[in-house]
Amino acid sequence: MLMIEELSNRLSGAPARKGERRINLLPKGEDSIWIYLDRARVDPLTGSNYSTWKRQITLQLGLLDFDFVLTEARPVILTAESTDVEKATFKKWEKVNKLCMMVIQGSIHETISRGIPETTTAKELFELINGQFMGNVHSRQYNCLAQLFSLYCDETGSVREHILKLSKLVINLRDLGFTIEDELMVHMAVAKLPSKFDTLKVNYSTQGRKWDLNELINICVAEEERLKESNAEYANYSQIQQKELQEEF
């Protein structure tokens, strides 16, 4: 498989390095790009996975140094007065734009692609897809945030399951392009613990160092076990006291 840098150099027309033996792969060179992209595993766009698809496709095109066609306008159409630089720029853009169009179109599920109008540039195609799915993304972001803010651990529930549910919602939000940092996630997890964890909350707020999610789970589970043992001991003690009182009478 060709290195990404080499693929980019060949498409941009960069001269071969000293001692480098280069085989002309264009237009056959496109096959090497497809081999790379196939191994890169971009998930097909189905609608619900738009944020994940967008992140993957922009990453892969960026690694190939193709992503400039997604943000830059088409170069000026060539004329008889065009300079050599303008000609080279347009030739590179035209080639990369064609490949990006093929990559993007090839990564869209058939049921979705039927509803996307035809375009002549990858930038227009990307913007069309963005316009169609961003509304759905915002709706899903809102739903995840609503669940996150309303999620509290009750007195009878498992603290481990509570924190993992919270973590899953945060991961879902990240997939939708809404990032919540790990430190904030830990703050929220602690704040949503029931009152029986008040001692742990005080210790957390007064410590200078940060806790990661795994450490928080381990600490909470240990505290939960300690509370269970303490409650069991108290229950046993109460039973003994009651029995002694009954014997006295």
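Side chains are part of it too, since the values below use all heavy atoms of this structure and drop only hydrogens, waters and symmetry mates.
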Quiz item: So Lys98 and Glu94, salt bridge (Lys or Arg N to Asp or Glu O under 4.0 Å) or not? Walk me through it.
Solution: CA-CA 6 Å; Lys98 174 188 172 184; Glu94 192 173 41; over 6 Å; no
Quiz item: Is there a side chain to side chain contact (heavy atoms under 4.5 Å, CB included) between Phe90 and Ile77 once you walk through the steps?
Solution: CA-CA 8 Å; Phe90 187 86; Ile77 301 297; 4.1 Å; yes
Quiz item: Step by step, would you call Arg140 with Ser51 a side-chain hydrogen bond (donor to acceptor under 3.5 Å, both in side chains)?
Solution: CA-CA 11 Å; Arg140 294 178 63 200; Ser51 295; over 6 Å; no
Quiz prompt | Full working for side chain to side chain contact (heavy atoms under 4.5 Å, CB included) between Leu164 and Ile217 | solution = CA-CA 9 Å; Leu164 290 177; Ile217 290 175; 4.0 Å; yes
Quiz item: Run the side chain to side chain contact (heavy atoms under 4.5 Å, CB included) check on Leu148 and Cys144 step by step: do they pass?
Solution: CA-CA 6 Å; Leu148 183 63; Cys144 280; over 6 Å; no
Practice problem: Show your reasoning for whether side chain to side chain contact (heavy atoms under 4.5 Å, CB included) applies to Met188 and Val170. | Solution: CA-CA 11 Å; Met188 294 179 67; Val170 170; 5.8 Å; no
Quiz item: So Asn49 and Thr46, side-chain hydrogen bond (donor to acceptor under 3.5 Å, both in side chains) or not? Walk me through it.
Solution: CA-CA 6 Å; Asn49 67 335; Thr46 59; 3.0 Å; yes
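In terms of heavy-atom proximity, Ile180 sits nearest to Leu184 at CG2-CD2, 3.8 Å. When all heavy atoms of Cys100 and Ala122 are compared, the pair lying nearest together is CB-CB, 3.7 Å. Residue Pro117 comes nearest to Gly115 through the heavy atom pair CD-O, 3.6 Å, listed as atom of the first residue, atom of the second, then distance.
In this view, His138 satisfies the ring-ring contact (aromatic ring centres under 6.0 Å, His included) rule with no residue, not counting sequence neighbours.
Salt-bridge formation is detected for the pair Arg226/Glu223: a Lys NZ or Arg NE/NH1/NH2 atom is positioned less than 4.0 Å from an Asp or Glu carboxylate oxygen. For the pair Lys54 and Asp67, the salt-bridge criterion is not met [side-chain N within less than 4.0 Å of a carboxylate O]. Here Glu161 does not pair with Lys165 in a salt bridge; the nearest charged N to carboxylate O distance is not below 4.0 Å.
Between Tyr204 and Trp211, the ring planes are perpendicular. Angles over 60° get that label, and only those under 30° would be called parallel.
A chain of hydrophobic side-chain contacts below 4.5 Å, direct or via other Ile, Leu, Val, Met, Phe, Trp or Tyr residues, connects Leu151 to Leu173. A continuous path of hydrophobic side-chain contacts links Leu145 to Ile163 [ILVMFWY only; heavy atoms under 4.5 Å]. If you chain together hydrophobic residues whose side chains sit under 4.5 Å apart, Phe149 and Leu169 fall into the same group. Hydrophobic clustering places Leu166 together with Phe178 (ILVMFWY residues linked when any side-chain heavy atoms are closer than 4.5 Å, directly or through intermediates). Note on Met185: it does not cluster hydrophobically with Tyr152, by side-chain heavy-atom contacts below 4.5 Å among ILVMFWY residues.
No side-chain heavy atom of Phe66 sits less than 4.5 Å from a side-chain heavy atom of Asn97. Lys87 places a side-chain heavy atom less than 4.5 Å from the side chain of Ser82. At a threshold of 4.5 Å between non-hydrogen side-chain atoms, the residues Phe126 and Val69 do not count as touching. Side-chain contact between Glu127 and Leu70: absent, with no pair of heavy atoms (C-beta onward) separated by less than 4.5 Å. Proximity of Leu45 to Ser107: side-chain heavy atoms (C-beta onward) are nowhere separated by under 4.5 Å. Here the side chains of Leu193 and His162 are in contact, with some heavy-atom distance below 4.5 Å. Residues Lys123 and Glu72 fail the side-chain proximity criterion, which asks for heavy atoms closer than 4.5 Å. The shortest side-chain heavy-atom distance between Met101 and Leu125 falls under the 4.5 Å cut-off.
Heavy-atom neighbours of Lys196 NZ from other residues, nucleotides or ligands within 6.0 Å: above the threshold of 12. Heavy atoms of other residues, nucleotides or ligands lying less than 6.0 angstrom from CD of Glu118 number 12 at most. Sparse packing is recorded around NZ of Lys168, with 12 or fewer heavy atoms of other residues, nucleotides or ligands lying under 6.0 Å away. Residue Lys192 qualifies as enclosed at atom NZ: its count of foreign heavy atoms under 6.0 Å is above 12.
Atom CG of Leu63 and atom CG of Leu59 lie 4.5 Å apart (nearest 0.5 Å). Rounding to the nearest 0.5 Å places CZ of Arg55 at 9.5 Å from CG of Asp43. One distance of note links OG of Ser205 with NE2 of His187; it measures 10.5 Å at 0.5 Å rounding. Annotation: the span from Thr89 atom OG1 to Asp84 atom CG amounts to 10.5 Å, rounded to 0.5 Å. Atoms CH2 and OG1, from Trp53 and Thr58 in turn, are 8.5 Å apart once rounded to the nearest 0.5 Å. For the atom pair CG of Leu227 and CD of Glu225, the computed distance is 9.5 Å after rounding to the nearest 0.5 Å.
Shown are Ile104, Thr119, Ile112; of these, the side chain to side chain contact (heavy atoms under 4.5 Å, CB included) with Ile129 is made only by Ile104.
Cation-pi geometry between Lys92 and Phe68 is met: the NZ or CZ atom falls under 6.0 Å from the ring centre, inside 45° of the normal.
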